[in-house]
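Comments concern the structure below.
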Amino acid sequence: MSETQEPSELLRLRREKLAAWRSRGIDPFGGAFPDTTSIAEILTNFAEGRKARLAGRLLSIREMGKSLFAHLQDASGRMQIYANLQSVGDRFADLKLLDLGDIVGVEGDCFQTKTGEKTLRVRHFDLLSKSLRPLPSKWHGLHDVEARYRQRYLDLVANPEVREIFHQRIRIVREIRRFLEERGFLEVETPMMQPIPGGAAATPFSTFHEALGIPLYLRIAPELYLKQLLVGGFERIFELNRNFRNEGLSRKHNPEFTMLEAYWAYADFPRMAELLESLICHLAEKVCGGLRLSSPTGAFPSIDLTPPWPRKSFADCLREATGKDWFSLGAEERRRLAEELGVELLPNAEEIDVTRHTFEKLVEARTAGPLFVTHLPTELVPLARQNREDPSVVDVFELIIGGQEVAPGYSELNDPIVQRERLEHQAGEERQKLDEDFLVALEHGMPPAGGIGLGIDRLVMLLTGSESIRDVIFFPLLRPKEAP
RNA sequence: GGGCAGGUAGCUCAACGGCAGAGCAGGUGCCUUUUAAGCACUUGGUUCAGGGUUCGAAUCCCUGCCUGCCCA
């Protein structure tokens with residue numbers, strides 16, 4: 001709202017009511033209102049005549065002459081309140097100055113209306129915060145997608161299903177921490193600002209440290225630091241926090257996103273697959289109430305997480321998808337085959353990217369899963385251990401659920417000489433930066449270890465049936481609206 | 001970056017070349033167990049912005065901004 005413009009009548013009237021409260025000697029932005037009970041608790045342990053104090057936001061008001069019904073919403077739910085001339089006496093007139101959206105504290109006793117609704121008869125009330133702007137429609141909620149993301153608080157007030165998704169997200173994150181801690185993993189924190197952004201292939205955000213006079217980058221992955229902690233003697237660690245990638249926005253991408261990485265010394269990738277399988281099943285049962293998920297995009301009928309989940313090699317997947325023994329074909333044959341099967345390729349795509357895109361399009365996108373795809377080509381995964389029998393593949397898995405890559409898991413590469421070569425001779429789009437400090441650490445000896453990464457936002461999308469990453473991040477990045 | 005769809009009252013949406021409307025919210029009045037309360041009356045618009053076509057534009061055209069979806 002620009003300063004010079006005449007405020008709308010709606011806003012003007014609310015400010016007039018604000019002044020009316022003040023003229024009655026009441027601060028419309030009141031102080032504390034302690035010792036309240038949650039609405040959920042009162043409704044659960046409801047008793048006729050029970051005394052209670054509640055605080056929350058007014059979501060509806062039904063005036064009826066000398067009495068009034070309203071609904072109050074707090075963090076735990078909503079409850080009807082009732083007041084009449086007898087119950088609040090002189091202050092009944094003040095009730096007329098309340099608006100939808102006002103935050104009030106009430107005190108009174110419980111009763112049931114003749115239709116059976118559990119209700120609080122108000123004996124005393126305080127205005128705790130005057131709302132100067134109207135709430136979204138009380139039964140349509142807030143549909144405007146842009147407003148929902150830009151003013152998430154309105155989305156949360158008006159749309160209960162949105163609140164529920166974020167509660168689920170909170171439970172998922174909490175359960176991940178508990179699950180790992182119960183198994184002896186320690187949560188650690190490593191740098192978010194790194195001199196060399198390593199551990200993944202992505203464009204970083206850059207910043208600058210004035211005192212040292214050096215550029216720094218927001219991390220694209222914590223991997224190289226977590227491995228240094230393995231070198232230092234930590235054996236089971238995880239980090240569950242934000243990564244940053246300076247890339248486009250989409251249904252599946254937000255520039256900052258939450259990632260779990262866990263490392264387990266002396267374990268290997270099959271062990272990590274078991275850990276991940278039991279973690280995700282645990283989350284589904286704990287948070288979604290079962291192992292059957294609906295596919296968020298609607299691309300698959302439903303997803304059954306009942307373990308054990310199948311394991312299949314990358315080569316076998318491609319053989320089934322293309323009908324040919326992919327890796328025995330020449331580069332030209334692969335490209336031709338991929339294009340015949342509808343994979344779009346850039347003319348200058350490197351060989352490994354032809355394989356990668358073919359896999360993504362013909363296997364990943366079509367797999368409802370869950371499926372552990374194992375033994376990816378070595379060039380695709382520079383930080384994983386090569387297979388003993390076949391050094392052209394690495395001892396890793398890629399977990400696919402709902403047509404999406406959900407989590408990678410590795411037998412980590414701990415040979416410093418091979419690691420250096422692999423980082424120096426990378427090809428294709430997944431090229432990573434060389435971090436000398438990391439290589440020196442490996443030279444001091446890193447125990448063999450298994451590692452996993454789990455994108456939390458996409459996991460939450462999957463477990464809550466959300467179609468967009470913006471529905472599981474409170475404040476997704478949007479282009480800022482220009483000031484008028 | 002490309003394609004498609006969209007942006008109208010606080011909210012949810014109509015009107016699609018001919019008076020800018022409805023429901024809810026808001027205001028006034030009536031109403032002491034209502035609950036999408038009810039009844040009566042009623043306020044509220046830079047139709048995203050700018051330009052063009054036209055007797056006349058929310059509507060058609062162009063440019064820009066923002067959003068969503070699909071593709072890269």
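Comparing B/G27, B/A25, B/U43 against the side chain of A/Glu9 picks out B/U43 as the nearest. Side-chain atoms of A/Lys66 lie closest to B/C31 of the nucleotides B/C11, B/G26, B/C31. Distances from the side chain of A/Leu10 to the nucleotides B/U33, B/A25, B/G44 place B/A25 closest. In this structure, of B/C69, B/U33, B/U67, it is B/U67 that holds the atom nearest to the side chain of A/Val145.
Across B/G21 and B/A9, the matching C1' atoms stand 10 Å from one another, rounded to whole Å. Atom P of B/C11 sits at a distance of 14 Å from the matching atom of B/G45, rounded to the whole Å. Annotation: B/A72 and B/U63 have their P atoms spaced 26 Å apart (nearest Å). The separation of B/G38 from B/A15, taken at their P atoms, amounts to 26 Å, rounded to a whole angstrom. Taking the P atom of each, B/G18 and B/C13 are spaced 24 Å apart, rounded to whole Å. Atom name C1', nucleotides B/G27 and B/G10: the rounded distance is 14 Å, in whole Å. B/U43 sits 15 Å from B/C24 when the C1' atoms are compared, rounded to a whole Å. Using C1' as the reference atom, B/C31 and B/C41 are 16 Å apart when rounded to the nearest Å.
The partner of B/A57 is absent, by the rule that a Watson-Crick or G-U pair needs both atom distances under 3.5 Å. The pairing partner recorded for B/G1 is B/C71, the criterion being a Watson-Crick or G-U wobble arrangement whose two distances lie under 3.5 angstrom. Across all strands shown, B/C39 pairs with B/G29; the Watson-Crick or G-U wobble distances both stay below 3.5 Å. A 3.5 Å limit on both hydrogen-bonding distances identifies no Watson-Crick or G-U partner for B/G44. The partner of B/G50 is B/C62, by the rule that a Watson-Crick or G-U pair needs both atom distances under 3.5 Å.
Surrounding CG of A/Asp90 are at most 12 heavy atoms belonging to other residues, nucleotides or ligands under 6.0 Å away. Enclosure of atom CZ in A/Arg15 is not indicated, since only 12 or fewer non-hydrogen atoms of other residues, nucleotides or ligands lie within 6.0 angstrom.
Separating the NZ atom of A/Lys96 from the C1' atom of B/U28 is a distance of 12 Å, rounded to the nearest angstrom. At whole-Å resolution of the value, CD in A/Glu63 and C1' in B/G27 are 12 Å apart. Between the P atom of B/U34 and the CG atom of A/Leu120 lies a distance of 18 Å, rounded to the nearest Å. Taking atom CG of A/Leu478 as the reference point, atom P of B/C69 lies 11 Å away to the nearest angstrom. We find that CG of A/Leu249 is positioned 16 Å from C1' of B/C71, with the value rounded to whole Å. Rounded to whole Å, atom C1' of B/G10 lies 16 Å from atom CG of A/Leu59. In this structure, the CD atom of A/Glu146 is 12 Å from the P atom of B/C69, given to the nearest Å. Atom CG of A/Leu142 and atom C1' of B/U12 are 10 Å apart (whole Å).
Residue A/Arg150 places at least one side-chain N or O under 4.0 Å from the OP1 or OP2 atom of B/U67. A sub-4.0 Å separation between OP1 or OP2 of B/C70 and a side-chain N or O of A/Arg251 is present. One finds a side-chain N or O of A/Arg479 lying less than 4.0 angstrom from the OP1 or OP2 phosphate oxygen of B/C66.
Aromatic rings from A/Phe257 and A/Phe244 are positioned such that their centres are separated by 6.0 Å or more.
At a cut-off of 3.5 angstrom, the base of B/U34 holds at least one donor-acceptor pair with the side chain of A/Thr113. Side-chain N/O atoms of A/Gln86 and base N/O atoms of B/U32 include a donor-acceptor pair closer than 3.5 Å. In terms of polar N and O atoms assigned as donor or acceptor, the side chain of A/Glu117 never comes within less than 3.5 Å of the base of B/U34 in a complementary pairing.
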Show the numbers, then the answer: is there a side-chain hydrogen bond (donor to acceptor under 3.5 Å, both in side chains) between A/Thr203 and A/Arg245? CA-CA 6 Å; A/Thr203 310; A/Arg245 297 187 182 175; over 6 Å; no
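Take the nearest nucleotide of RNA chain B for A/His143 and for A/Phe69: the residue whose nucleotide is more 5' is A/His143. Where A/Lys361 and A/Gly65 each meet RNA chain B at their nearest nucleotide, the meeting point lying more 5' is that of A/Gly65.
Counting any heavy atom pair closer than 4.0 Å across all strands shown, A/Gly248 reaches no nucleic acid atom. Note on A/Arg148: nothing from the nucleic acid sits closer than 4.0 angstrom, heavy atoms only. At the heavy-atom level, A/Lys17 lies under 4.0 Å from the strands shown only through sugar-phosphate atoms. Residue contacts for A/Leu68: at a heavy-atom cut-off of 4.0 Å it reaches no nucleic acid atom on any strand shown.
With respect to A/Glu223, the side chain to side chain contact (heavy atoms under 4.5 Å, CB included) criterion is satisfied by exactly one of A/Glu239, A/Met259, A/Glu261: A/Glu261. When each of A/Val88, A/Val104, A/Ile61 is paired with A/Leu95, the side chain to side chain contact (heavy atoms under 4.5 Å, CB included) condition holds for A/Val88 and for no other.
Under the 30°/60° scheme for interplanar angles, the aromatic rings of A/Phe314 and A/Phe327 are found to be tilted.
A/Arg62 and A/Gln80 are linked by a side-chain donor-acceptor pair at a separation below 3.5 angstrom, with hydrogens and angles left out of the test.
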